[in-house]
Amino acid sequence: MQYWLMKSEPGEYSIDDLKRDKVECWDGVRNFQARNMMRDDMKVGDLAFMYHSNCDVIGIVGLMKIVREGYPDHTAFDQHDKHYDPKSDPDNPRWFMVDVRYKRKLKRTITLAELRQHEELDGLQLLKRGNRLSVMPVSQFHWDFILSLE
DNA sequence: GCCAACGTTGGC
DNA sequence: GCCAACGTTGGC
């Protein structure tokens, strides 16, 4: 089983939205590296941190479980969708997504600033300079350590 | 295959 | 709102 971290802008989709919806497709990812991980590496049963980016309180806010493995992101085919991509063909889809299920909220947000203070988290992709990946793996050690901060 | 231009991400 | 860092595109 693997661990992941997935970013979302709470103005677009927050942990409370996921709590309400229970299961949701993680659509709109338009980055090849992130796509490859969703298409090839994420497995049913994997766990992921949900991370709020581009907002007032930036950080890890909750836990999710992967409940469906990579399948074509249909929003890429919809001209009226914000994430429409004319280069994605239904016969040869360019973008993929997974389904996630709400597991729980953390008791508090573990902020980015706090994560940066722990030497133990050196090497966590999230903390690397200029990191822009919206989906990334988290090692078991880092996963456990982050949860111990809660 | 190189690389400049451009667009986007995302912290601050 | 600013801007550094990065990914993508496309001309050559």
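For clarity, every value in this text was computed on a predicted model and none was experimentally measured. Reminder, nothing fancy here: chain letters follow the sequence lines and each chain counts from 1.
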Length of the line joining A:D85:CG and C:dT9:C1', which is rounded to integer Å: 13 Å

Distance in angstrom units between A:Q33 CD and B:dT9 C1', rounded: 14 Å

Atom-to-atom span, CG of A:N131 to P of C:dG7 - whole angstrom: 9 Å

Pairing residues for A:R35 by the side-chain hydrogen bond (donor to acceptor under 3.5 Å, both in side chains) criterion, not counting sequence neighbours: none

Separation of B:dT9 P from A:F32 CZ (nearest whole Å): 14 Å

Common cluster, A:M97/A:L5, ILVMFWY with side-chain heavy-atom separation under 4.5 Å: no

Proximity to DNA chain B (any heavy atom under 4.0 Å), residues of residues 48-60 of chain A only: A:Y51, A:S53, A:N54, A:I58

Partners passing side chain to side chain contact (heavy atoms under 4.5 Å, CB included) against A:D16 (at least two apart in sequence or in another chain): A:S14, A:K105

Contact list for residues 41-52 of chain A, test side-chain hydrogen bond (donor to acceptor under 3.5 Å, both in side chains), sequence neighbours left out: A:W4-A:D46

Nearest-Å distance for atom pair CG/P, residues A:L133 and B:dG10: 9 Å

Selection residues 71-94 of chain A - residue pairs positive for ring-ring contact (aromatic ring centres under 6.0 Å, His included), sequence neighbours left out: none

Touch class at under 4.0 angstrom, heavy-atom based, for A:R30 against every strand present: nothing

N or O in side chain of A:K7 less than 4.0 angstrom from B:dT9 OP1/OP2: no

Salt-bridge contact A:E150-A:R104 (side-chain N to carboxylate O under 4.0 Å): yes

Contacts of type salt bridge (charged side-chain N to carboxylate O under 4.0 Å, His left out), residue A:D78, not counting sequence neighbours: none

All N/O donor-acceptor pairs, side-chain side in residues 20-27 of chain A, below 3.5 Å, sequence neighbours left out:
residue: A:R20; atom: NH1; partner: A:D17; partner atom: OD1; Å: 3.3
residue: A:D21; atom: OD2; partner: A:Y13; partner atom: OH; Å: 2.6

What protein N or O atoms touch nucleotides 3-6 of chain B N or O atoms at under 3.5 angstrom, if any, and at what distances?
none

Distance in angstrom units between A:N36 CG and C:dG7 P, rounded: 13 Å

Distance, rounded to the nearest Å, where A:L5 contributes CG and B:dG10 contributes C1': 14 Å

Of all pairs that satisfy ring-ring contact (aromatic ring centres under 6.0 Å, His included), the ones with a partner from residues 130-150 of chain A, not counting sequence neighbours: A:Y3-A:W143, A:F49-A:W143, A:H118-A:F145

Distance in angstrom units between A:L127 CG and B:dG11 C1', rounded: 13 Å

Neighbours of DNA chain C within residues 86-95 of chain A, by heavy-atom distance under 4.0 Å: A:K87, A:R94

Residues that A:R68 engages under side-chain hydrogen bond (donor to acceptor under 3.5 Å, both in side chains), provided they are two or more places apart: none

Counterpart residues, ring pair (Phe, Tyr, Trp, His ring centres under 6.0 Å), relative to A:F32 (two or more places apart): A:W95

